[in-house]
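Structure first, then comments.
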Amino acid sequence: MAKLDQDLSGKVYVVTGANSGIGFEASRNFAARGARVVLICRSKEKGDAALANIEQETGNDQGRLYVADISSLEEVSALADQLLEDFLKIDVLCNNAGSANGRRTETREGFETTFVTNHLSGFLLTKKLMPALERASTSGLARVVFTSSYGHENSPLDFDDLGLNNGYKTLTAYGRSKLMNLLTARELQRRVGNHNIVSSSFHPGAVRTPIWRKGGLLARTIGVVIYPFMVSVEKGADTFIWLASSDDSASVNADGNYFYKRRKVKIAAHATDADAERLWDVSEELVRPFV
Ligand SMILES: NC(=O)c1ccc[n+]([C@@H]2O[C@H](COP(=O)([O-])OP(=O)(O)OC[C@H]3O[C@@H](n4cnc5c(N)ncnc54)[C@H](OP(=O)(O)O)[C@@H]3O)[C@@H](O)[C@H]2O)c1
């Protein structure tokens, strides 16, 4: 497997969920290779610790921390405005933050928490940061990477009940949100692909990260049962880093596709182009008040 060690000096990488798990691992890798890494974290304390850790380990002190709870579209919108003010161009946006939620809750803006945290926030952030990505794409390749999951196979979307008002189940909410990541990556590529921007999504594998402890009893139980079979954070972040930084033709020609272990892999039959287009349109309507 080719080593991911190309120099990333001069490039700006924005990573959500950067204080922990594969987001932290990828951020550390980008910084070690000279990139300016912008960490998006919901906790200032955890974000400060992650930034200090990255600086200490890599010697790269160009990193910046922005604190935002991405379950709030208002906060995502303000975050995007600030990033647009602070960075003329953004080379790579990694929509990685995510959670599974043991019971159905709604945010103060009225969205089901998993739906907004794992999907709508990344959709809005990408949409608002597009001018900075387009600016980067005039002098090189710009990329958007979505952290999806094999869990996307779990069930098709129900456009009549995107907020899972009827019969909420943790794995259904999580799986559908990960399906949305895959579909958004593909639809984004279809819409902006001719702009020297590559959009892709990936499954990291079952990875030993804290996410398994945060998703309620079911996620915790599954986490305990499959713990011996999980892969390390380093392995889990490999395809992420490859898609976000490699010159390999496969990652560059991602074509909005979905990857696992640096290979394009089959997606669920219910991950259709029609649903990708419809989800885009519905999401655009939902985020409109926050643009
Ligand atoms: N681990 C796996 O086996 C696995 C498998 C498939 C897909 N994934 C996906 O991989 C991605 C990263 O997860 P991980 O496994 O690395 O777990 P993790 O260590 O728990 O990382 C998740 C990150 O998202 C952040 N986050 C969650 N909700 C947020 C919010 N409302 N606002 C801002 N940040 C928020 C977390 O912040 P806090 O630290 O403050 O909670 C954390 O930084 C997720 O999208 C997950 O769905 C993971």
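Counting starts at 1 for both ligands and their atoms, in listed order.
Heavy atoms of Ser20 found under 4.0 angstrom from ligand 1 belong to the backbone as well as the side chain. Using a 4.0 Å cut-off between heavy atoms, Ile22 contacts ligand 1 through both its backbone and its side chain. Residue-level proximity to ligand 1 for Asn118 is absent, since no heavy atom of it falls below 4.0 angstrom. For Lys46, every heavy-atom contact with ligand 1 shorter than 4.0 Å involves the side chain, none the backbone. If you look at Trp212 next to ligand 1, the close heavy atoms, those under 4.0 Å, all belong to the side chain. Only side-chain heavy atoms of Thr209 come within less than 4.0 Å of ligand 1; its backbone N, CA, C and O stay farther off. The backbone of Ala68, and not its side chain, has at least one atom closer than 4.0 Å to an atom of ligand 1 (non-hydrogen atoms only; backbone = N, CA, C, O).
The aromatic ring centres of Trp280 and Phe123 sit less than 6.0 Å apart. In this structure, Trp242 has its ring center at least 6.0 angstrom away from the ring center of Phe202.
For the ligand labelled ligand 1, residue Pro210 lies inside the 4.0 Å heavy-atom shell. The closest approach between a heavy atom of Cys41 and any atom of ligand 1 is not below 4.0 Å. Within the structure, ligand 1 has Tyr174 among the residues with a heavy atom less than 4.0 angstrom away. Ligand 1 lies out of reach of Tyr150, whose nearest heavy atom is not under 4.0 Å from it. For Ser148, the heavy-atom gap to ligand 1 drops under 4.0 angstrom. Taking 4.0 Å as the cut-off, Met230 does not count as a neighbour of ligand 1 on heavy-atom distance.
The OG atom of Ser77 sits 5.5 Å away from atom CG of Leu124, with the distance rounded to the nearest 0.5 Å. Between atom CG of residue Asp275 and atom CG of residue Leu182 there is a gap of 11.5 Å, rounded to the nearest 0.5 Å. Between the CG atom in Leu183 and the CD1 atom in Ile267 there is a gap of 7.5 Å [rounded to 0.5 Å]. Phe30 CZ to Ile54 CD1: the interatomic distance, rounded to the nearest 0.5 Å, is 10.0 Å.
In terms of N/O distances under 3.5 Å, ligand 1 is not approached by Gly23. Distances between N or O atoms of Thr117 and those of ligand 1 include no value under 3.5 Å. Considering backbone and side-chain atoms alike, Lys214 places an N or O below 3.5 Å from some N or O of ligand 1. The shortest N or O to N or O distance between Asp69 and ligand 1 is under 3.5 Å. Here's the thing with His203: none of its N/O atoms is less than 3.5 angstrom from an N/O atom of ligand 1.
In terms of heavy-atom proximity, Ala136 sits nearest to Lys89 at N-CB, 3.8 Å.
In this structure, Tyr150 places its OH atom where only 12 or fewer heavy-atom neighbours from other residues, nucleotides or ligands lie under 6.0 Å away. Shown here is Lys214, whose NZ atom has more than 12 heavy atoms of other residues, nucleotides or ligands within 6.0 Å.
The option from Asn181, Asn96, Val231, Thr147 that lies nearest to atom 45 (O) of ligand 1, judged by heavy atoms, is Asn96. The option from Ala100, Ala97, Ser121 that lies nearest to atom 34 (N) of ligand 1, judged by heavy atoms, is Ala97.
Between His203 and Tyr260, the ring-plane angle classifies as tilted under the 30° and 60° cut-offs.
Here the heavy atom of the protein found nearest to atom 5 (C) of ligand 1 is Gly205 O, 3.2 Å. Nearest non-hydrogen protein atom to atom 32 (N) of ligand 1 is Ile70 N, 2.9 Å. Considering only non-hydrogen protein atoms, atom 23 (C) of ligand 1 sits nearest to Gly17 CA, 3.7 Å.
At distances below 3.5 Å, at least one donor-acceptor pair connects side-chain atoms of Gln189 with backbone N or O atoms of Ser199.
Electrostatic pairing of Asp7 and Arg33 does not count as a salt bridge here, judged by no charged N lying under 4.0 Å from a carboxylate O.
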